[in-house]
2 protein chains.
Amino acid sequence: MTQIDRQSIPVPTLRRMPAYCNYLKSLSVKGIVYVSTTAVANDLNLIPIQVRKDFEYTRLSGKPKIGYNLELLIEAIEYILGWNKMSNAVIAGVGNLGKALLSYQGFKNYGLDIIAGIDQDKKKHGKEVAGRKVYPPEQIGVLVKENKIGIGIITVPAESAQLMADLFVKNGITALWNFAPVRLNVPADVVVQNENLASSLAVLSQRIKQQKEK
Amino acid sequence: MTQIDRQSIPVPTLRRMPAYCNYLKSLSVKGIVYVSTTAVANDLNLIPIQVRKDFEYTRLSGKPKIGYNLELLIEAIEYILGWNKMSNAVIAGVGNLGKALLSYQGFKNYGLDIIAGIDQDKKKHGKEVAGRKVYPPEQIGVLVKENKIGIGIITVPAESAQLMADLFVKNGITALWNFAPVRLNVPADVVVQNENLASSLAVLSQRIKQQKEK
DNA sequence: TTTTTATCAATATAAATATATCTATTTAAG
DNA sequence: CTTAAATAGATATATTTATATTGATAAAAA
Ligand SMILES: NC(=O)c1ccc[n+]([C@@H]2O[C@H](COP(=O)([O-])OP(=O)(O)OC[C@H]3O[C@@H](n4cnc5c(N)ncnc54)[C@H](O)[C@@H]3O)[C@@H](O)[C@H]2O)c1
Ligand SMILES: NC(=O)c1ccc[n+]([C@@H]2O[C@H](COP(=O)([O-])OP(=O)(O)OC[C@H]3O[C@@H](n4cnc5c(N)ncnc54)[C@H](O)[C@@H]3O)[C@@H](O)[C@H]2O)c1
């Protein structure tokens, strides 16, 4: 295939995109206008070839000896990531992790707005976390309708995660971000992104082991 | 290569290991003794070939028509993951995320014990989060010496992350789990595992986009 | 202007990972 | 005891991702 299929950006490339975006923005505030893949690679501990390959998915082209136009590049990456327009989300489970995510200001830069929390715990109903109200599960329907919720975030204990997923799906949410360590069963048209700290820890443990063997 | 090199387990395999482990343990409590890769694959939405490939890294062999011995399999995976023996960790930054991680009971099953918190904020010193005390940064040295700390967890704001990394490294910690959205500069012999929610969100956004195009 | 140099772009190769196929083995059923 | 079915294990192939190579191009230097 000689032409790059814009629709199928490799996942590893996609995962590097936010880092590019943040880095490029940091250059932008310094008043820099052009950036070369060599420079990017150098600062992000990558190799230039990989950066160039990744940038190809923006459909932009750079100028030899000069590099890419910073503004256009940022715009293109933000477009790819969907960071240029906000998606509304609701988070189910306002416990330790749920509160942390609700309080996190960084998501705004990533095009994500968690507009409300859902929790079983009656004591939490009506309370606010970082300016976002907590509602009982029965309220999901209303919340979704009134706020164009696209994403459901799951931070309830593992045993309730499937229940919450079902509730989200029943109310028309088709994208789930799941922090509970379980595999969710959902209809084929629902997208699930699992966040699994155990997986990361597994990789870290292994690397520590190998490090010790040297 | 016909013989599998035990030392170099592919990262994707490694990332699946915790899910296997949890699943197998759930079978174990039901009194099941043997499990086939077909059954595992079925329940975890994987394909049997992949499960079999992954299990090869345990160096165990299963019996046709029967499967693998559950106990041995769990033991082998826990050994690979290092979950059979505890590693002590310290977490720097007892804010929203830091508190959530400190409070998380799941890590105990993953061989990780976060024994203390480190924070700049004087108001937090001496306080406890989930039974773990919070200390000022100057205390790291003592903590490391007294508790055989192997892992430093970084949940401070991005701008302080490098500072914390340096402090950890200076005190002999050679493995970092970094939740701040920055790339850390560390000596070559220090292992860094970056946890990047932005990356995951990028993948999710993209999948939502593709979903809509259908 | 000509040469040099940095960098992009296109193409090729390699490595890692996932999937498929085939054979041998074991057990359970007949 | 024989046979059929299930499944591990070995090997082969395909796919995806990473890296290397080569040539073209534009800017800066000679
Ligand atoms: N805390 C962490 O650092 C961490 C790390 C990794 C994964 N996780 C996972 O995230 C999830 C939440 O962890 P946590 O530490 O925040 O737990 P938590 O117990 O602090 O919070 C869970 C919250 O969910 C609510 N809840 C329970 N059942 C519910 C239901 N059916 N409907 C609505 N709300 C319900 C509870 O009231 C509580 O507020 C767990 O699945 C955990 O495994 C947490
Ligand atoms: N909260 C989230 O859900 C979330 C999600 C993804 C990433 N992160 C990242 O995790 C990090 C922490 O996020 P947070 O929401 O917990 O922030 P926070 O502001 O709630 O907590 C930060 C804590 O670090 C402490 N701190 C600051 N500088 C320090 C220093 N030099 N030494 C020691 N302690 C110091 C502060 O006192 C505070 O307690 C950030 O880098 C953030 O980008 C957070």
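Letters A, B, ... mirror the listed sequences (proteins, then strands); counts begin at 1. All values below come from the heavy atoms of this structure, side chains included, with hydrogens, waters and symmetry mates left out.
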Check nucleotides 23-29 of chain C for protein N or O atoms closer than 3.5 Å to its own N or O atoms and list the pairs.
none

- request: Classify the ring geometry between W177(B) and F179(B) as parallel (under 30°), tilted (30 to 60°) or perpendicular (over 60°).
  value: tilted
- prompt: Step by step, would you call N178(B) with N194(B) a side chain to side chain donor-acceptor pair (under 3.5 Å)?
  reply: CA-CA 5 Å; N178(B) 174 38; N194(B) 291 297; 2.9 Å; yes
task: List in numerical order all residues of residues 33-42 of chain A for which some heavy atom is under 4.0 Å away from an atom belonging to DNA chain C.
output: S36(A), T37(A), T38(A)
- prompt: Rounded to the Å, how far apart are R52(B) CZ and dC22(C) P?
  reply: 15 Å
message: Counting the benzene-type ring for Trp, do Y104(A) and F107(A) have ring centres under 6.0 Å apart?
response: yes
field: d(CZ, R59(B); P, dA10(D)) in whole Å
entry: 12 Å
field: Length of the CD1-C1' vector between I47(A) and dT13(C), whole Å
entry: 13 Å
task: Remember a base hit wins even if backbone is also touched, and classify S61(A) as base, sugar-phosphate or nothing at under 4.0 Å, heavy atoms.
output: sugar-phosphate
- prompt: Between atom NZ in K53(A) and atom C1' in dA9(C), what is the gap in whole Å?
  reply: 8 Å
message: Classify the ring geometry of W83(A) against Y110(A): parallel below 30°, tilted from 30° to 60°, perpendicular beyond 60°.
response: parallel
message: Starting the side chain at C-beta, find the nucleotide from dA18(C), dT17(D), dT19(C) nearest to R16(B).
response: dA18(C)
Separation of dT19(C) C1' from D54(B) CG (nearest whole Å): 13 Å
- line: Note: for P48(B) and Q50(A) on DNA chain D, the residue whose nearest nucleotide lies more 5' is P48(B)
- request: Given salt bridge (charged side-chain N to carboxylate O under 4.0 Å, His left out), test D54(A) with R15(A) step by step and report yes or no.
  value: CA-CA 10 Å; D54(A) 288 341; R15(A) 296 191 74 96; over 6 Å; no
message: Can you see whether D166(A) engages Q162(A) through a side-chain donor-acceptor pair at a distance of less than 3.5 angstrom?
response: yes
query: Separation of L46(A) atom CG from dT17(D) atom P, in whole Å?
result: 16 Å
query: Please give, in whole Å, the distance from dA8(D) P to I49(B) CD1?
result: 11 Å
message: Using a 4.0 Å heavy-atom cut-off, does F55(B) contact any base of the nucleic acid, only the sugar-phosphate backbone, or nothing at all?
response: nothing
query: For L163(A), does its backbone N or O pair with a side-chain atom of S160(A) as donor and acceptor, under 3.5 Å?
result: no
Heavy-atom donor-acceptor pair, Q211(B) side chain to D189(A) backbone, under 3.5 Å: yes
statement: To the nearest angstrom, the CD-C1' distance between E56(A) and dC8(C) comes to 10 Å
